[in-house]
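Just so you know, these numbers use all the heavy atoms, side chains as well, and skip hydrogens, waters and symmetry mates.
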Amino acid sequence: MDRHTPSIARADRAASRHAQAALAANAETPTRKLDRLVQSAAAPAAANLSPIALGLAFADWALHLAASPGRQMELAVLAAQLATDTTQSRDGSSDGSLQDDDARFRAEEWSQWPFNQWRAAFRNAETFWRHAAQVPGVTEHHTKMVDFFARQYLDMMSPANRLLTNPVVLNKTIETRGAALVQGWRNWLADTTGVPTAEDLAQRGRFVVGGNVATTPGKVVFRNHLIELIRYAPQTDKVHPEPVLIVPSWIMKYYILDLSPHNSMARYLVSQGHTVYMVSWRNPDESDRDLTMDDYVEMGVLDAIGAVGDDAGQRPLHAMGYCLGGTFLAMAAAGLSRRKGVAGFEHLPELKTLTLLAAQVDFSEPGELGLFIDESQVNLLDHMTTGQGFLSGKQMGGSFQFLHSRDLVWSRQMREYLMGERDQDNDLMAWNADTTRLPARMHHEYLVALYMRNALASGRFLVGGQPVSLNDLRLPVFAVGTQRDHVSPWKSVYKLHHLTDTEITFVLCSGGHNAGIISEPGRANRRYQIATRPDRGPWESAQEWARKAEKVEGSWWPAWQGWLAAHSSTPVKAKPIPASRALCDAPGEYVMQRYPGD
């Protein structure tokens, strides 16, 4: 039996889990099915958000405000002060010039009357609601929800979104003699009818997986039901003996880490003399509804480690995980670090280092994404996934779009429909549109275990049937957070320092969840901070770390590559991938799986 072939015990555990799930599904009563069908049918009208959760948050806020006449008086005084400010057009200065960082209002035209007053009214409305959302007695979760959705409403009502109140749009309309509006009408018609314009057709197909993205040469050397493992071909005469295993997030396709040749992290590592293996997750279908988090940890991470060991001669390896791929890799690493390891995986190669990119292990403060995860929302998502067996990428994308609605919805619609300017597609946008599904049971388990119970940080998450603790880690860790991350806020990523005493090199880089990670050398306007806490070193807060950490201009990739090299052995002669190991050429088959309507 191969080392990475499931043992009888593992197979029995998986069979038992799936049997229990099947029994639970069959136990659905007619009345519960009615509830599920009604709530699922209503979900699209609320952008797949729970209207009950939203209603409870508003009611909590409104009732406490109604019972707080003193707070009402404070807000009334604030409203009067802001109204006076608006009438005087003091948008940060006495002459109405712009002094904020909102890209929607940076144009000089916004400093002219009456646009400066409209701008001032909008900015003051933001200020008012930022204070109005704070009412004593309201739960913290509901306060954040009221604040968030008040901002969503204000962003929708921004004067920058309308023809007659946006001076930049008006000027372009006049300059083009209405041609921009005509083109905007065509863009809107194309989006609502699904019939693309000629310009849209020219944009489509610019980025093709295996054509001009995901092109780093390699072979698929392992495959199970959940993953393909890609080994990239060497590009240097000598390579470091320890391979690098990359575990991307299973929410999206792997090739964000192998985009175009100039910004491919996989190609960069190979060019620096590393042997790189990449996990490519299968895009699940309805038959995968009962896959669990255990399956993803075991078949997705532990099997991959075993397969790298078999292919690379059981050498120690460097393991890197991105986003939730990093979370699951941390779970697996903690399990392997236990005294007895993980049952069924006793012969895996040693993990020499662990790298976590924008990966949370403590979900107590998950940022704005946590606003969409409570009992009511999880119940609604369960109703949606139970019927179809998965959560589609389109359904999942609604929540992420809310996090960036200013840029992804309103500003984009202003450019495309009022100014007639289509956003030019790029490789990152093409990747973002190449969505994947999440199996119903695994999706439920990860929301409950991580976001609602914070099981990994509290030592209650099970790997191989036994709880794991990150404090068992004794290998060097390289962790990266990004400054503008709405998915994995950097201060939440930094909480790893609370949970383990091992050596941690922490990097805080510019950019967001995706663009901050894809930060190839030579890219303009890139910077980062870096500092290392030694093994069993003293604790310091995130704020204190940021104050003291070294500031560096440029990409953080070379710093990480140097860290990997420093923890690697003397380079040896590179060897080609044996033909006997190859199942097919990279990028493989799983990355090509797509479904109509997703």
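Among Asp294, Asp295, Asp290, the one residue that satisfies the side chain to side chain donor-acceptor pair (under 3.5 Å) test with Thr292 is Asp295. The ring pair (Phe, Tyr, Trp, His ring centres under 6.0 Å) test with His240 is passed by exactly one of His567, His318, His274: His274.
Every residue was checked against the ring pair (Phe, Tyr, Trp, His ring centres under 6.0 Å) condition with Trp490, not counting sequence neighbours, and none meets it.
Within the 4.5 Å cutoff, the side chain of Glu589 has no heavy atoms near those of the Arg282 side chain. Side-chain contact check for Gln272 versus Arg267: every heavy-atom pair is 4.5 Å or farther apart. Considering only heavy atoms from C-beta on, Lys253 comes within 4.5 Å of Thr436 through its side chain. Annotation: side chain of Pro489 is in contact with side chain of Gln360 (closest heavy-atom distance under 4.5 Å).
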Please tabulate, one pair per line, all N/O donor-acceptor pairs under 3.5 Å involving side-chain atoms of residues 503-516, not counting sequence neighbours.
from	atom 1	to	atom 2	distance (Å)
Thr505	OG1	Thr532	OG1	2.9
Ser510	OG	Arg527	N	3.3
Ser510	OG	Arg527	O	3.3
His513	ND1	Asp485	OD1	3.2
His513	ND1	Asp485	OD2	2.8
Asn514	OD1	Tyr322	OH	2.8

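Between Asp362 and Ser364, the side chains place a donor N or O and an acceptor N or O closer than 3.5 Å (distance only, hydrogens not considered). No hydrogens or angles considered: nothing links the side chains of Asp374 and Tyr451 as a donor-acceptor pair under 3.5 Å.
Aromatic ring centres of Trp281 and Tyr254 lie farther apart than the 6.0 Å criterion allows. Annotation: Trp250 is in aromatic contact with Tyr446 [ring centroid separation under 6.0 Å].
A donor-acceptor contact shorter than 3.5 Å links the side chain of Gln314 to the backbone of Gly309. Checked by atom type and distance alone, the side chain of Glu228 pairs as donor or acceptor with a backbone atom of Tyr590 at under 3.5 Å.
Residue Gln593 qualifies as enclosed at atom CD: its count of foreign heavy atoms under 6.0 Å is above 12.
Between Trp560 and Trp556, the ring planes lie tilted relative to each other; the angle falls in the 30° to 60° range.
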